[in-house]
Amino acid sequence: MRAGRIVEVEAYGGPEDRASHARSGRTARNAAMWGPPGSAYVYRVYGMHDCLNVVTGPSGTASAILVRAVEPLAGLERIRAARADHAPAGRRVVRADPGAVVARLARIPDVRLASGPALVAVAFSVSRSDDGADLLDPGGSLRLEAAPAGEPALAVAVGPRVGVAYAGEPWAGLAWRFWAAGHVSVSAGRGSAGR
DNA sequence: AGTTGGATGGTCT
DNA sequence: GACCATCCAACTG
């Protein structure tokens with residue numbers, strides 16, 4: 001079993017949100033965004049990366065929470081195996097030295113194995129076949145669970161969403177990204193504001 | 001340590 | 001035909 005704690009998310013709305021995939025209305029790609037709360041919306045970006053969202057609004061309305069980073073807590077071996085086995089979708093350019101890839105993965109600390117939206121999907125083997133899945137089903141292979149009772153709450157920082165400048169204002173500037181303040185597992189990409 | 005460019009193809013214009 | 005809710009490698013300093 002693999003498990004982790006979500007430490008960074010972004011909120012996306014319906015057709016009115018110019019940064020949301022729902023901005024062009026309902027299509028085959030984004031149909032899951034109109035699904036019931038607690039279901040998954042999984043999409044592919046840049047032709048190679050899959051990303052996991054949790055639908056939050058009532059059925060018939062579009063919404064999604066993008067899971068941007070997870071702190072791995074259990075199943076580290078399996079998470080590393082998933083990272084090692086992962087072949088970038090459709091890649092044609094062969095890596096010069098496969099050994100270098102293994103060495104690079106070995107240098108990544110446990111806490112940073114799922115520090116990015118596409119990395120979350122790889123670490124937990126989420127793919128587009130999970131699109132529409134019920135994440136609240138206790139028997140499901142991919143589940144969203146409440147934090148254990150008594151676990152101290154994390155301080156939450158807020159800021160603008162990453163990579164949505166094209167949407168223009170007010171959408172690009174909305175502070176709809178939420179992360180655990182100062183947490184090591186938060187993503188730190190180019191467009192990202194970091195921890 | 002920080003910055004830049006390449007990969008890649010489905011989706012929408 | 002252009003864009004894209006990203007990641008990694010290869011640079012520069």
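Chain identifiers are assigned alphabetically (A, B, ...) following the order of the sequence lines, protein sequences preceding nucleic acid strands; residue numbering begins at 1 within each chain.
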Asks: How would you list, by chain and number, every residue that makes a side chain to side chain donor-acceptor pair (under 3.5 Å) with A:Asp131, sequence neighbours excluded?
Replies: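 Side chain to side chain donor-acceptor pair (under 3.5 Å) check on A:Asp131 returns nothing, list empty.
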Asks: Going by the salt bridge (charged side-chain N to carboxylate O under 4.0 Å, His left out) test, which pairs reach into residues 9-36 of chain A, not counting sequence neighbours?
Replies: A:Glu10-A:Arg68, A:Asp17-A:Arg161
Asks: Could you state the atom-to-atom distance from OH of A:Tyr41 to C1' of B:dT11 in whole Å?
Replies: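 In whole Å, B:dT11 C1' and A:Tyr41 OH are 10 Å from each other.
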Asks: Measuring to OP1 and OP2 of C:dA5, would you say a side-chain N or O of A:His21 lies under 4.0 angstrom away?
Replies: yes
Asks: By a strict heavy-atom criterion of less than 4.0 Å, which residues belonging to residues 25-35 of chain A are in contact with DNA chain C?
Replies: A:Met33
Asks: On DNA chain C, nearest-nucleotide positions of A:Tyr166 versus A:Ile108: which is more 5'?
Replies: A:Tyr166
Asks: According to a strict under-4.0 Å criterion, is A:Ser24 in side-chain N/O contact with OP1 or OP2 of B:dT13?
Replies: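 Checking A:Ser24 against B:dT13: at least one side-chain N or O falls below 4.0 Å of OP1 or OP2.
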Asks: Any side-chain hydrogen bond (donor to acceptor under 3.5 Å, both in side chains) involving residues 112-125 of chain A? Give me the pairs, sequence neighbours left out, ordered by first then second residue.
Replies: A:Arg2-A:Ser125
Asks: A:Tyr46 has an atom OH; how far is it from atom P of C:dT6, in whole Å?
Replies: 5 Å
Asks: How close or far is atom C1' of B:dC12 from atom CZ of A:Arg44, stated in whole angstroms?
Replies: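 Distance check: A:Arg44 CZ to B:dC12 C1' gives 18 Å.
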Asks: Heavy atom of residues 75-86 of chain A under 4.0 Å from DNA chain B: which residues?
Replies: none
Asks: Let's test your reading of the model: under 3.5 Å, does the base of C:dA5 pair with the side chain of A:Tyr43 as donor and acceptor?
Replies: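 Answer yes: a donor N or O sits under 3.5 Å from an acceptor.
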Asks: Please produce a list of atom pairs where a protein N or O lies less than 3.5 Å from an N or O of nucleotides 11-13 of chain C.
Replies:
none

Asks: Which of residues 119-130 of chain A sit near DNA chain B, with a heavy atom under 4.0 Å from it?
Replies: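 By residue number: none to list.
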Asks: Apply side chain to side chain donor-acceptor pair (under 3.5 Å) to A:Ser129 and list each qualifying residue two or more places apart in sequence or on a separate chain.
Replies: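 Checked A:Ser129 against side chain to side chain donor-acceptor pair (under 3.5 Å); matches are A:Ser127.
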Asks: State which residues pass side chain to side chain donor-acceptor pair (under 3.5 Å) with A:Asp110; sequence neighbours excluded, sorted by chain then number.
Replies: A:Arg80
Asks: Could you list the residues that satisfy side chain to side chain donor-acceptor pair (under 3.5 Å) with A:Glu145, not counting sequence neighbours?
Replies: A:Arg143
Asks: Taking CZ from A:Arg112 and P from C:dT6, how many angstroms apart are they, rounded to a whole number?
Replies: 15 Å
Asks: Please give the remaining members of the hydrophobic cluster of A:Tyr12, linking ILVMFWY side chains under 4.5 Å, ordered by chain and number.
Replies: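 When side chains under 4.5 Å apart are linked, the cluster holding A:Tyr12 also contains A:Met33, A:Trp34, A:Tyr41, A:Tyr43, A:Val45, A:Tyr46, A:Met48, A:Val55, A:Leu66, A:Val164, A:Tyr166.
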Asks: List DNA chain B stems (3 or more consecutive Watson-Crick/G-U pairs, under 3.5 Å)?
Replies: B:1-7 with C:6-12, B:9-12 with C:1-4
